[in-house]
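Have a look at the structure below before the remarks.
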Amino acid sequence: MMKEQISRSEEVILHTYNRFPVVLDHGEGVWLYDTEGKKYLDFAAGIAVNALGYHYPGYDEGLKAQIDKLTHISNLYYTMPMIQAGEKLLKASGMNRVFFTNSGAEAVEGALKCAKKYAYKRDGHAGHEIIAMRHSFHGRTIGALSVTGNAHYQEPFEPLMGGVRFADFNDLESVRAQVTEKTCAVICETIQGEGGIYPASMEFLKGLRALCDEKDMLLILDEIQCGMGRTGSWFAWQDFGVMPDIMTCAKALGCGVPVGAFVLNERAAAASLEPGDHGTTYGGNPLACAAVSTVFDLFEKDGILDHVKETTPYLEKTLDDLVKKYDCFTARRGMGFMQGLVVKGRPVGEIVSHALAEGLLVISAGTDVLRLVPPLVTGREEIDFMAEILGRIL
Ligand SMILES: *Cc1c(COP(=O)(O)O)cnc(C)c1O
């Protein structure tokens, strides 16, 4: 049955993904089921999106209540879901203004425009530059791709947006070396995700903050993957005590409904985008914002951040034990429920495929990292089960 479904898919859907040979049908808790009824433990969470797993109590109800009222109305009007979602996002971040988008890439686009406009207003002219990191990932649209430090993703689509200079992540001097009088912003992930799960060092992030302040550049932190509770704080930068001028969010922001945001501190909000500068038809529509609002409420009500904080040592110890036990794992990297195991001597894809066959969904990151980004509601028993399956296939 799945075989036939997969060949139907390949007849209609543009082949831009080498998908795993499974057709997923429904989920419950932290488990997924394919169309043949086989069960999988989910340590991928739709790539760090489904932080609450599936059918989390109260989530569907929040969405359904909004569907019964209004799913879309233009940004030409005010709606209560957007007001409420915005208030909650600002409360969690301590930042100043929000713009809701439909995706992560679109949030990055907005952040870049915001930085350019900030410098344009200050200097009275355009032509500014942005510093981005090698091995970063910020999305697939042309602007976001332009700051994604991966030649393989960029090359066919050149020329991209100009005025981007690349530096090395966690190397402050390499960033400093790229600063010119034209630089308006530095963009970086607080924890590099796609690049292979590399957390920023405290020294680097604090150094970036100081450098941006010194040169009046905006610090853009991409929290699309590492934010929304994944590290046990609302946002990973809070673990470092380094507030960005602009942060981008998406992925777990709606826990399954497509929604993103860029969030500005006071400095950026006071002197950047103005009426007419930016817009979106769908962005922040009532359904998406009801999801955001529901997610914040459930995280608070059920102490999701505390659960992540409490469970992280157990997850880390379990993964460290795997590194000790199996030669093919050489190291663990990560924070909270965003972890990577460095794989040596065999393709990561092979482990991912074997895990799938054994009923465990995991994904890769970079060229040699097994990425574990489970739902934030995952418990110890499921962590044990993950380790058991990985042990079995190794
Ligand atoms: C996934 C991701 C993006 C892109 O988000 P989309 O919703 O796929 O456009 C950008 N930045 C980071 C860090 C991501 O992990």
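We count ligands from 1, going down the list as the structure has it; atoms in each ligand are counted the same way.
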Fill in: CG on Asp34 to CZ on Phe20, rounded to 0.5 Å
14.5 Å
Item to complete: Would you tell me which option among Val147, Ile191, Asp222 has the nearest heavy-atom contact to atom 13 (C) of ligand 1?
Response: Asp222
Worksheet item: Hey, is Asp327 close enough to Lys344 for a salt bridge, meaning N to O under 4.0 Å?
Response: no
Practice prompt. Flag Val108 as yes when one of its N or O atoms lies below 3.5 Å from any N or O atom of ligand 1, and as no otherwise.
Written response: no
Practice prompt. May I ask you to identify, for Ala105, whether its side chain, its backbone, both or neither come under 4.0 Å of ligand 1 on a heavy-atom basis?
Written response: both
Worksheet item: Looking at atom 6 (P) of ligand 1, is any protein heavy atom nearer than 4.0 Å to it?
Response: yes
Item to complete: Starting from the C-alpha separation in whole Å, work towards a yes-or-no answer on side-chain hydrogen bond (donor to acceptor under 3.5 Å, both in side chains) for Tyr59 and Asn50.
Response: CA-CA 11 Å; Tyr59 179 76; Asn50 300 314; over 6 Å; no
Fill in: Mode of Lys251 contact toward ligand 1 - side chain, backbone, both, neither (heavy atoms, under 4.0 Å)
side chain
Discussion item. Which of the numbered atoms in ligand 1 are under 4.0 angstrom from any heavy atom belonging to Gly104?
Written reply: 5 (O), 6 (P), 7 (O), 9 (O)
Worksheet item: Backbone, side chain, both or neither: what part of Glu189 comes under 4.0 angstrom of ligand 1, heavy atoms only?
Response: side chain
Show me the side-chain donor-acceptor pairs of residues 353-371 shorter than 3.5 Å, one per line, residues at least two apart or across chains.
unit_1 : atom_1 : unit_2 : atom_2 : d
Ser353 : OG     : Gly349 : O      : 3.0
Glu358 : OE1    : Arg392 : NH1    : 2.7
Arg371 : NE     : Ser364 : O      : 3.1
Arg371 : NH1    : Glu194 : OE2    : 3.0
Arg371 : NH1    : Gln225 : OE1    : 2.7
Arg371 : NH2    : Glu194 : OE1    : 3.2
Arg371 : NH2    : Glu194 : OE2    : 3.4
Arg371 : NH2    : Ser364 : O      : 2.9

Worksheet item: Passes side-chain hydrogen bond (donor to acceptor under 3.5 Å, both in side chains), Lys182 versus His128? Steps please.
Response: CA-CA 5 Å; Lys182 293 186 195 160; His128 293 91; over 6 Å; no
Discussion item. Evaluate Phe137 for polar contact with ligand 1, using N/O atom pairs at a separation under 3.5 Å.
Written reply: yes
Fill in: Side-chain ion pair, Arg380 and Glu310, N-O less than 4.0 Å
no
Item to complete: Enumerate the atoms of ligand 1 whose separation from the nearest heavy atom of Gln225 is less than 4.0 angstrom.
Response: 15 (O)
Discussion item. Cation-pi check for Phe169 against Arg134: NZ or CZ below 6.0 Å from the six-membered ring centre and within 45 degrees of the axis, yes or no?
Written reply: no
